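Here is the structure we will look at.
Quick note on labels: first sequence line is chain A, next is B, and so on, each numbered from 1. Values below: every heavy atom of this structure, side chains too, minus hydrogens, waters and symmetry copies. Note that the structure is predicted; figures quoted are calculated from it, not measured.
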Amino acid sequence: MAKGAARVIYWFRTDLRLHDSPALQAALDLKLEVLFPIWCWDSHYVYRARVGVNRFQFLIDCQNDLSESITKLNNKSKLFVMREPAVTLLPKLFKTWKITHLVFEKDTDAYARDRDNQVMEMAKQAGVEVIVKSGRTLWDSDELVKANGGKPTMSSTQLQAAGAKAGEIARPIDAPKRIPDPGDMDLNIEQTKPKPEPDFNAKYRDSEEASYSSGIAGPKGDYSPPTIEELGMPAATTPHKGGETVVLKMLEEILADEEYTGTFEKPKTSPAAFEPQSTCLTSPYLHFGALSCRYFYHKVQDIVDKRKKEKQSVSKMPESLNGQLAFRDMYFSAQAALGWSFAQTYNNSHCRFIPWHLPSKINTSNNLITGSYEVDDPEKDAWLHRWTHGTTGFPWIDAIMRQLRQEGWIHHLARHSVACFLTRGGAYISWERGAEVFEELLIDHETACNVGNWQWLSCTAFYAQFYRCYSPVAFGKKWDPEGRFVRRYVPELKDLPARYIYEPHKAPIADQKAAGVQITGDGSSSATSSSSSGLKTYPKPMFDFNTQREICIQGMKNAYRVGMHGNDPRVLDGSWKKAFDDDAEGPTEGVKGGPGGLETWDDVEEGGEEDDGPVDELKTPKGKGKGSGKGQASSKGGKKGHKREHSQSTLDGAFEKKRAKG
DNA sequence: GTGAAGGTTGGTACA
DNA sequence: ATGTACCAACCTTCA
């Protein structure tokens, strides 16, 4: 080996691919002595992020696939999966492996930024040069923010304008033809085990989690990707399989159909289609970086350009395939600008404040949501549970939620349906509750996109037409009048006549009997269990939709009129209640509340583990706008039954009018 | 400043 | 079957 040659760690994260990786290319462009391709098993992922079994399995698929691809290029190398978080492991590796360079792809997620900043500081101290390249989005998200005047991109217009300023989308880079040898992998360093608290993933496990218990090299001592058993989880149920080679083959088939690719219009694809679905299902691969979005973009654009030249029809942004990628970039750069606050209402300058039911608890020492919530009304908590488990009594909603739980992927419009239903168009429950459930169950969960879409659908940011409301009956009917989708995912209804399939409680008893199902109860007993009559059961609707829809629209109108955002001083300190009529929807009763949407607040409520912040092995991020939350304990109100004086009022007029009218 | 048009993908009634 | 007007009314963008 040449003297002075580089000893490089390539740190794989959400870029589990060889094709079109600017960061990997930068590493290979160095005058290399050794290249260590590694993955650090982050405790954030194991414990703090909500990762259900299907996404874990998809990640493991991607790791195995990449590892095999690396080995094909060099049989001494692979993806070395190391059982320790990066922030404790990397400094040790810098020394032991005599590392000169650390290379990785840029990640603008709030958590990843904190982690990477810490790693970069440690690298600096160790004299290790760090190379970071953007490759996760079409444009560098920070560049888009700059081009947008330092502000988050909140509309597709802003995104397009910022994108035009930021310049051309980089052309894809070929996969490497060779990978250098790794160095000596016989490690003699002590493993630092992260603390498992808080452990949001505990409830998804059926046996003990053992991610760190077999040492850094894992149970076989060979740094191979973990198995789902090692994570203490039951077998995955998703039919979708991760991996770069899988998605490149999928994509080849999609692109071979130039008409589909060139004329794709998202709103015209059916949310009720299954086997096969109506869209290309590339999102989970984009999330893990098994597919490069820029590669995807240019492959599509080449076809679009070709069709244009041949005077064939093409679809345009934002409905087109590349329009979907543009939305992804919009959400990423909105998140890049707002940081931690992007993923919550509290302290978020761009998220409208609405007094939803089941609001997030707030840690006022860092202004972040804790991951738990307040039950302002037990009935709403029961609704949330029924929504989460697909037992709302609305077959369209339940079919979608069951497909989500089983397969980890649902169509975009299906997401619209259930998100609208949970928030502004049905249960009036905080979008943050829904986002948490999606985070657990989606294999394509991407914080920026998930949070952005929940804000969109709940009309708290990005979108405001709350009077456009999805019906859990009509919307399904429009796409699937026969109810094939419902019959597939809610099998207890599979023999019901089509005219009752979206509203089974309206079926006469004779029809229910003939279909072998009884519409009864609240879904608390297992939906597929037999009732005493020997029939299967399916629950009655958990509320009257039209009534709830009216309540929600009134609530939204009211909240819009009040016009607060998440960083409003009144939201921060709990005095937001003064601005709402006691009869307004949500936990609004009384004069004083807690921070965020909390109805009540005890100063000691947020003690304990969760005060460590969202990143257990990192320093707690400093919140902005501090000082507003403290000192409220003495004035905590939540006095039930208090009726406001008329001073608060601009709303009252509107309310009276509506009441008189209605 | 103002008003009109547009906004990734609603529902319903009626021609 | 498909297209259109209307529902009641939000925000951003742009002339």
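- Here A:Ser156 lies in heavy-atom contact (under 4.0 Å) with sugar-phosphate atoms only.
- At whole-Å resolution of the value, NE2 in A:His565 and P in C:dC11 are 9 Å apart.
- Under 4.0 Å is where a charged nitrogen must lie from a carboxylate oxygen, and between A:Asp140 and A:Lys106 at least one such pair does.
- The CZ-P distance, from A:Phe462 to C:dT13, rounds to 12 Å in whole Å.
- Remark: C1' of B:dG11 and CZ of A:Arg424 are 13 Å apart, rounded to the nearest angstrom.
- Remark: ring of A:Phe466 not stacked against base of C:dC10; the cut-offs of centroid gap under 5.5 Å and plane tilt under 30° are not jointly satisfied.
- When each of B:dT12, C:dC10, B:dT8 is scored by its nearest atom to the side-chain atoms of A:Tyr560, the top-ranked nucleotide is C:dC10.
- With distances taken from any side-chain atom of A:Arg468 to the nucleotides B:dT9, B:dT8, C:dA8, the minimum falls on B:dT9.
- Under a 4.0 Å N-O distance rule, the pair A:Lys308/A:Glu258 does not qualify as a salt bridge.
- A gap of 23 Å separates the P atoms of B:dG7 and C:dA8, to the nearest Å.
- Rounded to whole angstrom, the span from the CD atom of A:Gln158 across to the C1' atom of C:dC14 amounts to 13 Å.
- For A:Ala464, whose side chain is taken as the heavy atoms from C-beta onward, the closest listed nucleotide among B:dG11, B:dT8, C:dC11 is C:dC11.
- Seen from the ring of A:Tyr560, A:Arg352 counts as a face-on cation partner, given the 6.0 Å and 45° thresholds.
- Across B:dT8 and C:dT2, the matching P atoms stand 26 Å from one another, rounded to whole Å.
- Between A:Lys299 and A:Asp20 there is no salt bridge, since none of the side-chain N atoms of the basic residue sits less than 4.0 Å from a carboxylate O of the acidic one.
- Closest to the side chain of A:Ser155, from the set B:dT8, C:dT13, C:dA9, is C:dT13.
- Atom P of B:dG1 sits at a distance of 27 Å from the matching atom of C:dA9, rounded to the whole Å.
- With a cut-off of 3.5 Å on both pairing distances, B:dT9 has no Watson-Crick or G-U wobble partner at all.
- Atom NZ in A:Lys478 sits roughly 7 Å away from atom C1' in B:dT9 (whole-Å rounding).
- Contact check on A:Arg488 versus A:Glu275 returns a salt bridge, with a Lys/Arg side-chain nitrogen under 4.0 Å from an Asp/Glu carboxylate oxygen.
- Note: CZ (A:Phe475) to C1' (B:dT9) measures 7 Å, nearest angstrom.
- Using modelled atom types and a 3.5 Å distance limit, the side chains of A:His357 and A:Asp377 yield no donor-acceptor pair.
- As rounded to whole Å, 17 Å separates atom C1' of B:dG11 from atom NE2 of A:His416.
- Contacts of A:Trp479 with the nucleic acid, taken as non-hydrogen atoms under 4.0 Å apart, are absent.
- Atom CD of A:Gln465 and atom P of B:dA5 are 16 Å apart (whole Å).
- In this structure, A:Arg415 reaches neither bases nor backbone, as no heavy-atom distance under 4.0 Å exists between it and the strands shown.
- Checking B:dT12, B:dT9, C:dA8 against the side-chain heavy atoms of A:Tyr467 singles out C:dA8 as nearest.
- The side chain of A:Thr157 contributes no N or O atom lying less than 4.0 Å from OP1 or OP2 of C:dT12.
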